[in-house]
Colleague: 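Once you've had a glance at the structure underneath, I'll fire off some questions.
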Amino acid sequence: MNIVLLGAPGAGKGTQAQRLVEEFGVAHISTGDLLRAAVKAESKLGRAAKSYMDEGKLVPDKLVIDLVKDRLDSDDARRGFILDGFPRNTAQAVSLDSELSELGRSLDGALLVDVAPEVIVKRLSTRRTCRNCGYTGTEADVTCPRCGGEMYQRDDDKPETIQHRLDVYQSQTAPLVDYYRGHGILKSVDGDRPVDEVYADVKKVLGL
Ligand code: AMP
């Protein structure tokens with residue numbers, strides 16, 4: 001199973017990816033998680049990426065593409081992967097295609113988790129993330145229901161940054177829906193429903 005997840009920030013890509021990983025044991029490659037870990041570790045990559053992330057802008061392609069290449073080549077990803085938050089623009093999609101063909105692999109599907117923009121704004125502004133394990137919850141979660149860690153609001157989930165991230169999504173990432181439709185591998189689910197219902201549909205459209 002080699003899958004790309006598409007959808008606006010807050011559409012529920014990460015949550016659906018976590019479910020697929022738990023059930024099918026594939027690798028979850030979330031560029032947002034990898035970049036946040038790099039920022040936390042204050043690595044060279046983290047220092048280069050931080051200001052873009054804080055402003056809700058895309059981190060330069062080269063940095064993200066190298067990060068994904070490394071990860072795709074690791075042992076667990078050879079069994080299959082869910083890419084979450086990558087590609088974010090056409091240049092990244094083209095580079096992913098060529099990297100996979102070099103590895104003798106290809107995508108089985110691009111899955112759009114479809115949610116209307118007004119729902120997204122509400123979800124992102126009430127979203128809280130676990131500082132320890134990355135679990136995604138809401139402001140009702142005082143501590144992480146999974147590991148007991150501290151829940152916090154990501155800087156880029158603050159109101160001033162949310163609109164900017166949605167604009168970036170519309171202008172740069174949404175065109176990938178047509179890109180993958182053109183490649184004949186686009187699948188879509190309505191993401192504005194309870195998590196379990198969305199997940200049942202995800203498995204159905206992916207033929208799992
Ligand atoms: P996410 O957790 O996917 O919403 O990503 C958080 C932030 O990380 C984004 O707003 C970008 O600044 C950066 N980011 C994540 N994935 C990418 C990507 N594929 N290309 C460029 N920037 C990215």
Side-chain angles (χ1 to χ4, degrees), residues 3-18 20-21 27-72 77 81-100 107 110-113 115 117 119-131 133-137 151-177 179-180 191:
I3 289 164
V4 158
L5 287 177
L6 296 174
K13 300 186 295 297
T15 305
Q16 295 302 323
Q18 275 166 8
L20 288 168
V21 168
H28 179 196
I29 308 180
S30 157
T31 43
D33 285 353
L34 292 169
L35 289 167
R36 277 184 289 282
V39 169
K40 197 170 165 192
E42 297 181 12
S43 67
K44 192 170 162 213
L45 169 67
R47 287 196 301 274
K50 186 173 187 318
S51 61
Y52 296 96
M53 295 175 74
D54 285 348
E55 289 175 37
K57 293 183 180 157
L58 292 187
V59 172
D61 289 342
K62 167 95 177 74
L63 299 179
V64 187
I65 288 169
D66 284 350
L67 191 64
V68 171
K69 272 189 188 168
D70 277 356
R71 195 63 187 78
L72 280 178
F81 58 79
I82 316 273
L83 270 170
D84 167 10
F86 182 95
R88 279 290 226 281
N89 57 30
T90 311
Q92 293 181 9
V94 170
S95 133
L96 175 64
D97 286 343
S98 70
E99 174 64 15
L100 287 174
L107 289 176
L111 176 69
L112 171 66
V113 182
V115 178
V119 178
I120 292 286
V121 173
K122 179 149 191 300
R123 277 196 193 177
L124 287 180
S125 48
T126 57
R127 177 162 81 172
R128 298 294 182 269
T129 304
C130 174
R131 225 182 258 290
C133 74
Y135 174 87
T136 304
M151 300 294 284
Y152 79 110
Q153 183 174 38
R154 282 168 43 177
D155 279 344
D156 59 353
D157 282 345
K158 300 202 165 136
E160 55 277 22
T161 317
I162 291 176
Q163 192 53 49
H164 184 65
R165 291 171 70 205
L166 286 177
D167 292 344
V168 169
Y169 175 76
Q170 278 310 331
S171 63
Q172 303 202 46
T173 312
L176 293 181
V177 172
Y179 178 91
Y180 287 116

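Since the structure is predicted, the reported quantities are computational estimates derived from the model, not experimental observations. Note that ligands are numbered from 1 as they come in the structure, with each ligand's atoms numbered from 1 the same way. Values below: every heavy atom of this structure, side chains too, minus hydrogens, waters and symmetry copies.
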Colleague: So, using ring pair (Phe, Tyr, Trp, His ring centres under 6.0 Å) as the criterion, who are the partners of Y179 when residues are at least two apart?
Modeller: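 Result, ring pair (Phe, Tyr, Trp, His ring centres under 6.0 Å) vs Y179: H183.
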
Colleague: Quick check: closest heavy atoms across A17 and L5, and the distance to 0.1 Å?
Modeller: CB-CD1, 3.7 Å

Colleague: Between OG1 of T136 and CZ of R123, what distance do you get to the nearest 0.5 Å?
Modeller: 11.0 Å

Colleague: Find the distance between OG1 (T129) and CD (Q153) and round it off to the nearest 0.5 Å.
Modeller: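 Answer for the OG1-CD pair, T129 versus Q153, is 8.5 Å.
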
Colleague: Run the side chain to side chain contact (heavy atoms under 4.5 Å, CB included) check on R88 and V59 step by step: do they pass?
Modeller: CA-CA 10 Å; R88 279 290 226 281; V59 172; over 6 Å; no

Colleague: State plainly whether the residues K57 and E55 are in salt-bridge range, i.e. N to O under 4.0 Å.
Modeller: yes

Colleague: Check each protein residue for a heavy atom under 4.0 Å from ligand 1 and list those that pass, ordered by chain and number.
Modeller: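 Residues near ligand 1: T31, G32, L35, R36, M53, K57, L58, V59, V64, G85, F86, R88, Q92, R154, D156, R165.
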
